[in-house]
Amino acid sequence: MTTSIERRNALYGNDVACYERMVEIREFEKITNAFFAAGSIRGTTHLAVGQEALALGIASTLKPTDVLAGTYRSHAIALALGLTPHSVLGEIMGKATGCCGGVGGSMHMCDTSVGLLPTSAIIGGGMPIAAGAALAFQVQKSKNVGVALFGDGATNIGAFHESLNLAAIWKLPVIFICDNNIYGEYSRIDKTTPIEDLHNRAESYAMPHMAIDGMDIHAVRKGLAEAVECARSGNGPTFIEAKTYRFSGHSRADQALYRPDGELAMWQKRDPLLLTEQDLIARKLLTQEKIDLIKSTTEIELGALAKQVEKDPEPELSAMFSNIYTPKKVSK
Amino acid sequence: MTTSIERRNALYGNDVACYERMVEIREFEKITNAFFAAGSIRGTTHLAVGQEALALGIASTLKPTDVLAGTYRSHAIALALGLTPHSVLGEIMGKATGCCGGVGGSMHMCDTSVGLLPTSAIIGGGMPIAAGAALAFQVQKSKNVGVALFGDGATNIGAFHESLNLAAIWKLPVIFICDNNIYGEYSRIDKTTPIEDLHNRAESYAMPHMAIDGMDIHAVRKGLAEAVECARSGNGPTFIEAKTYRFSGHSRADQALYRPDGELAMWQKRDPLLLTEQDLIARKLLTQEKIDLIKSTTEIELGALAKQVEKDPEPELSAMFSNIYTPKKVSK
Amino acid sequence: MTAMRVRQAIVAALADEMRADESVIIFGEDIAEAEGVFKTSEGILEEFGPLRVRDTPISEMGFTGAAVGAAMMGLKPVVEIMFIEFLGVALDQVVTEAAKTRYLSHGTLSVPMTIRASAGSGLGFGCQHSQTLEHWFASTPGLKVVMPSDAQSAYSLLRAAIQDPDPVVVLEPRILYAERGEVETGKIAEIGKASMRTTGSDITIVALGHMVNIAQDAIQSAGVSADLIDLQTIIPWDRETVLASVKKTGRLIVVEEAPLSGGWGSEIVATVSAQLFSSLKSAPFRITTPDVPVPFNGGLEARYAPTSDDVARQIKHALSQSGAPEPWWVVEGVPR
Amino acid sequence: MTAMRVRQAIVAALADEMRADESVIIFGEDIAEAEGVFKTSEGILEEFGPLRVRDTPISEMGFTGAAVGAAMMGLKPVVEIMFIEFLGVALDQVVTEAAKTRYLSHGTLSVPMTIRASAGSGLGFGCQHSQTLEHWFASTPGLKVVMPSDAQSAYSLLRAAIQDPDPVVVLEPRILYAERGEVETGKIAEIGKASMRTTGSDITIVALGHMVNIAQDAIQSAGVSADLIDLQTIIPWDRETVLASVKKTGRLIVVEEAPLSGGWGSEIVATVSAQLFSSLKSAPFRITTPDVPVPFNGGLEARYAPTSDDVARQIKHALSQSGAPEPWWVVEGVPR
Ligand SMILES: Cc1ncc(C[n+]2csc(CCOP(=O)(O)OP(=O)(O)O)c2C)c(N)n1
Ligand SMILES: Cc1ncc(C[n+]2csc(CCOP(=O)(O)OP(=O)(O)O)c2C)c(N)n1
Ligand SMILES: [Mg+2]
Ligand SMILES: [Mg+2]
C-alpha cells in the first residue's frame, strides 16, 4: 500500500503527477458529493472543486517536514499533501480506516507524517497555531515553515489580525495563504469586507504580501516559493492571497443559487484542470488521449475504492474513549 | 451642587473652561496618586497625566447625547465629559457617592447623563460596544455618534479588527480614537507592533483615518469635528490616532523606569497644559496670574474635596446584591 | 394551535417580536439573505428589511459586542451564533461585558439582548460543532440561559428572551430544528420557570432540551410514575419547582447532554442534596455523556448522549436500590 | 527547604523547568523585560534570553494559539494570562483547539502547554479582574486544571503542569502571590492528586486555592477534627481521596470562591451524594460566594468570598444538625 509520504514525494518535480492528483481530487469530491446526497455521509461536507491548483501548488512546494494548519474545507489539501483517498474518504464516512479513526469527520483531517496538522472547524482557529508551529521552528533553529490556509471570510476574524501581527513582530517563518474564493458560506466577500484585495491587509503588520492566481499551479508555486525562501532564511512571514473560485456550494446541499448569473461559467473557463491540461499538452508532457485515460482510470479506481471504504469497519466503542489524554509513560 | 450635564455644558465654546478642566484633571490625578501611595485607594489606578488635551478636545466636541466607550484609564475622560470630581474620586475610593456607588472602582467609570458608557477593563472590550451604540443610532435614525477610546496597545487585539471592519461595512456613525501614548503597560509600542502610524491600519477597512496631535486641544477638536461631521451625515466611521504621551507609569506603583532617558522630558515640553496656557495667553484670554490662581484654587478645592470624600459613607451591604438584573416592572 | 417545525417556531417568535416592537433587530452570519444556515430566519429579511435584519462578517466578537452596545442604547438585538462553540471567540462580550453592564452602570443601563445559538450532538458535526456548553455561562450573575425542548418552548422562550430586559442566551438543540409540534403563538414563557412534562409520584427527573424527550420516552418504557421537569431555564434555574417535586417523590435523576464532570446537572444534584437531605429515599444522581469529545462516527455518536433505554435502566435502578447506578461505560467495561 | 513568597516559588518552578528542559519557553504580556506585572518571572529573561522568553502584543487569542501550535511541534510553552478573565477573548484556543488536538490527531500529537493565569478576589481589582472562572474549563475532556494554595504547591504544581504532556491551566490565586511559605524545590506534584492539609474524623472539607487557608483557620477556630482536602487539581479531580474521606467522616463541606450557582463545588457535592448516599450523616453542602459580581469596595469585597468565621459557623452547624445551614446573606436577610 502506498503511504502518505510516498504519495507526497511523488509530486516533487513531476507536473504530470501533480495533474493526476488534481484529477484525483476532482473525482474524489464527486464521490463525496454523491455519497452525501445519497445519505451515506453524515453531518456536512465542504467541497474544494475548482481549488485544486492551489492545493497542488502548495503540496509540491512545501517539504513534508513543513506543517500546514487548514480548515473544515480540507479534502483537497489533504489529498494533495499525500493522504490516501482511502484515509480521507474513510474519515469522511466515519470509518476506522479514516485518518482520524472515524471520530473526526469531514472537517477534521490530519496526518503529521506529511505535515498536516489537525484541521480546525473554527474560523481563524488554525492561524495562531501555524504561527506557533513556526515559533517552534524558530526556537528549534530548524528550517521548516508553518503555513496557515484559510478562506477570504476568515480575514474578518480577530485571530487573523492577532496572528499576523504576532508573526510579523517575531519574524516567524510562517506563511498565511488566503484562499479567496469570493464567498464565505452564502455571502459574497463584498457584503462583509470593505476591500477587495485582501492581501493589502498585510500592510497593517508591515508584512510582505502578494496576490497570486490560485487557478494556475505555476503561479501558486512561484509565489509560495518566494514566501518560503523568505521564511526559511529568517526574514519572516508573508501573506499570500490566492484568487480562486468555489465551483460548488458552501457545504452540504447548498446549490449556491445566490451567485450572479454567469459568474460560475466565467470562472470555469479558468478551471485549474483545464489550465493544467493546456499547459501539459503544450509542453508535450501529456496528450488528450492520455488525459482522458487518466480521468477514466481515476474515476474507476476511486469508484472501486469508495465501494471498499463503504465496507470498511466502523470504529470500536473504545475509540470514543481514546486519544483524549496522553497515556502515561510506562517508565521514565 | 453642580451636575454632570452642567459641567459638560460649561465647556462648549469656552476655552478657559476647558483649560480649567485640564488643570482639574492634572490636580485630580495628583491626589489619586498620593492617595494610592498612602494606601487609601485599593487595587489599581491608571493615571492620564499628560493626556488632558485629548480628553477635553473630545468632551468639548461631542454632544452629551453622543456616547463614549472607554477603558480602565478613564479618570480624565470622565472628568472632561462632566462627571464631578466627587463622583469620580468617590468611585476610586469605593464610596457610596461614587459614580458606580463604590462597587466598580477606578477602572469603572460611568455616567449616562453625559454619554459615558461603563468603561471596560478588558482591552478591546469597548470597541464593538461603541460600534453597537452607533448601530442603534443608525437604526433609530438619530444623529448621535458612538466613540471608542482606547490605547495603542489595544490595536493588536482581535476586537479592534472586527469592530473596525463591522463599522466600515455597515457605515456606522462611530469614531475610533486611539490614544497612542506609545506604551502598553511596560512595553513600548515598537516592541509589539510592526508599524508606527497606527491610523494606517484603517486602510484594511477602507476607512478614513488621520493622525492628530493629541497634546493640542485645537488639533483634537479639528480632527474629531471632521470625523463627527462625517458620521452624523451618514458617511460612516473614522479612525483617529491621537499622538500623546503617558507622563506617569502605567498603573499603581509603576515608576516607568523602562523609558529611554530624555523621552519624558522631551514630551513634557509639549505638555498639553503648557500648550494651552501659551495659547490662551496669546489670545489674551488668560494671564499668568490668572493661570496661577486657577491652579492654586483648583489645588485647594480638590484637596478639600478629597478630605470630604474620605469621610463619605461606604456602600451598604445591599449594594453588593443590587443592579445585577433589571427589576421586574411592577405593572405592564 | 398550529403545527410547525421547531425552526419555524423560532421564525414565528422572531417575526412576532419584530412586529410588536420595532426596537428588535437581528443579525448574524448568513441570517438575512440566506435566511440562516438552519433556516431559522426564513422570510425575516423580506418582511423587515435590511436596516433591521443584517448579515455580518465572520466576527463573533465584533457583532456580539455590537449587540451589547446596541442594547445599551435601547434596541433589542437578537444575534445568532451559528454553533455555540463560536462563542469561544467572543465569550468576553457575553460574560464580562453584557452580564456586568447593569452592575457597572450603577443600574442605569440594561442590556436587553438575546443570543441564539444552536447546540448539541447527534447530527454528525464532529467534536467542535456538537457540544452544549451551558457551563460556559454558569456562575455568571447578570446572565440568563434557557433551552427549549420542543416547538412550543422554542417559540415561547425566544419571545420571553427577546422581551427580557437582561442578556439571555437561548441554546437551541440543533437536533430538534426539523421536529414538528403544536404551537400556540402568542404564548410567552416565564424565564426562570420550569415546565412539567409529566407528573407522577415515584421519582423526579430533571432534564433540558432534547434530553426531556429522551427522558419522557424512558419514563414511558420503564412504566414509572414520574415528575418530568423540563427545566427550560438553566440560569437562574427553578429551585422551587424542583425542590417541591423531590420533596414529594424523594428521588432525583438529572438527565444531561454534556460530559459528566462539571455539567449543569451537578448544580441541581448538589442543591437538592443540601436542601432535601432527609427527604431523599435514594441517591440523587446524573445521567450524562461520558467525559469524551463528541465522536463523529454515527454508531459512536448514538451512544454519546443518554439514550432512552439507558435512562430507563437507571430509573428502574433508582426505584429499587438506594445507591446510584453505574453509567453504561462502566457497566459495559469499555476498554480505553 | 527555603522560605519564599508564592510568586518566587513560581519563578523558581519556571527557572528549574527551563534549566532542565530547553524546550520550555515562556511568553505573555510584559513577562520578559518587566518580569511580569506580578513579578512572577523575575530574572527569567536574564537567565534564558529573548529566544525563549518573550513579551507579546496584547493578543491573547494569538499568543495562546501560538502556544498550542508550538506545543504540537514539541516545545513546552508556558503562557501567562495576566488575569483569568482575559481568556474570555481566547477560550476557543484552549477548549476547542488545545483540548481536542490529541483526539483530532488520532493520538499523534500532544499539546504539552501550560497556561498560567492569576485569579480570584480580595485585592480591589473590581468585577472584571477578580473572578476564579474554573467553570469555563469544566466538562472539557482533554484539559487539566490545577490551583495551588501555598508556595509549595505553587512550585510543585507548576513544575508538574509544565512536564505534563497535555494542556494544563494553572489558576494562581493572586491574593497569595506575596505570601511566604517553605518550599522544597525539586518536589513535583502529581496532577489529579489532592493533598491532605489536616486529617480528622468528623467532617470532610474540600477546598481549593486560598479557600484552603480560610478553611484551615475555620477548622482551628471551630475546634473540630476534620479532613481538610486541598483539591489542587479541579479537572480531573481526585475522586478517590474525597470519597475515601467522606466514607470515613460521613460529612462533606466544599468551600469555594465562586458564585453559588454552577461552581466547581457542585460537581464534588453531586458526585459524593450519588456515590456515598448511605454513608452520609448530614447534608453535604457548599459554602460559596453569593451570586453577585465581585464588588470593588473593600468592606463588601471582604464579605464576598467565604470568611473563616462563616465557614466555622457552618462547620459547627454540619456537626450538630442534619440539614444544611443557610448562607450568611440569607441568615442576615440582606435586602436586595
Ligand atoms: C468562529 C466561526 N464562525 C463561524 C463559523 C461558520 N462558518 C463555517 S465556514 C464559514 C464561511 C467561511 O468562509 P471562508 O473563510 O471564505 O472559507 P470558505 O468556506 O470559502 O473556504 C463560516 C461562517 C465557524 N466555523 N467558525
Ligand atoms: C484582554 C486584555 N488583555 C490584557 C489586559 C491587561 N492590560 C491592561 S492595560 C494594558 C496595556 C494597554 O495599553 P494601551 O492599549 O496602549 O493603553 P494605555 O494603558 O497606554 O492607555 C494591558 C495589557 C487587559 N486589561 N485586557
Ligand atoms: Mg471563501
Ligand atoms: Mg498606550
Side-chain angles (χ1 to χ4, degrees), chain A residues 67 69 91 98-104 107-113 117-122 124-142 144 146 148 157-167 169-170 172 174 319 321-329, chain D residues 22-25 27 50-52 54-77 79 89-90 92-93 95-113 140-144 163-167 190-192 236:
Chain A
V67 299
E91 194 53 43
C99 59
C100 195
V103 300
M107 302 201 281
H108 299 295
M109 300 285 134
C110 179
D111 187 339
T112 51
S113 76
L117 302 180
T119 59
S120 173
I122 305 294
M127 296 186 222
I129 290 175
L135 167 63
F137 299 148
Q138 186 182 67
V139 171
Q140 292 158 342
K141 303 195 164 65
S142 93
N144 297 332
I157 199 122
F160 164 85
H161 179 66
E162 297 190 8
S163 305
L164 268 74
N165 188 64
L166 193 71
I169 198 82
W170 285 354
L172 299 178
V174 58
F321 295 86
S322 308
N323 299 322
I324 301 172
Y325 293 103
T326 308
K328 286 214 176 80
K329 286 205 196 77
Chain D
E22 67 173 20
S23 64
V24 179
I25 64 169
F27 48 99
L51 194 66
R52 292 174 66 194
R54 300 180 186 215
D55 287 322
T56 63
I58 308 173
S59 309
E60 277 80 2
M61 182 76 88
F63 72 76
T64 305
V68 180
M72 288 181 188
M73 295 297 102
L75 292 191
K76 293 188 179 144
V79 297
V89 308
D92 181 65
Q93 285 293 333
V95 164
T96 314
E97 304 298 340
K100 293 173 175 60
T101 294
R102 202 170 162 77
Y103 191 74
L104 290 179
S105 67
H106 204 24
T108 60
L109 288 172
S110 291
V111 180
M113 76 186 278
T140 308
L143 210 60
K144 298 174 184 175
Q163 289 182 11
D164 196 277
D166 297 314
E190 187 179 332
I191 289 183

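All chains are named by letter (A, B, ...) in the order of the sequence lines, taking the proteins before the strands, and each is independently numbered beginning at 1. A quick note: this is a predicted structure, and the numbers were derived from the prediction, not measured. Atom set for the values below is all heavy atoms of this structure, side chains included, hydrogens, waters and symmetry mates excluded.
For D:M61, the parts sitting under 4.5 Å from any heavy atom of chain A are the backbone and the side chain alike. Of the atoms belonging to D:I25, it is side-chain heavy atoms, and not backbone ones, that fall under 4.5 Å from chain A. For A:F137, the part lying near chain D is the side chain, with the backbone staying farther off; criterion is any non-hydrogen pair under 4.5 Å. With a 4.5 Å cut-off on non-hydrogen atoms, A:V174 does not touch chain D at all. Both the backbone and the side chain of A:I324 come within contact range of chain D, with heavy atoms under 4.5 Å apart. For a residue to count as touching a neighbouring chain, one of its non-hydrogen atoms must lie under 4.5 Å from one of that chain's; by this rule A:A159 touches chain D with backbone and side chain alike. Residue A:S142: no heavy atom, backbone or side chain, is found under 4.5 Å from chain D. Interface remark: A:A167 contributes no atoms to any contact with chain D (heavy atom separation under 4.5 Å). Contact of D:F63 with chain A is made through backbone and side chain together, with heavy-atom distances under 4.5 Å. In this structure, the portions of D:L51 lying under 4.5 Å from any heavy atom of chain A include both its backbone and its side chain.
Of the possible polar contacts, one joining the A:Y325 side chain to the D:L143 backbone as a donor-acceptor pair under 3.5 Å is found. Put simply, the side chain of A:Q140 never gets that close to the backbone of D:G74: no donor and acceptor are under 3.5 Å apart.
Taking chain D as the reference chain and counting heavy-atom pairs below 4.5 Å, the highest number among A:S120, A:G104, A:A131 is found for A:S120.
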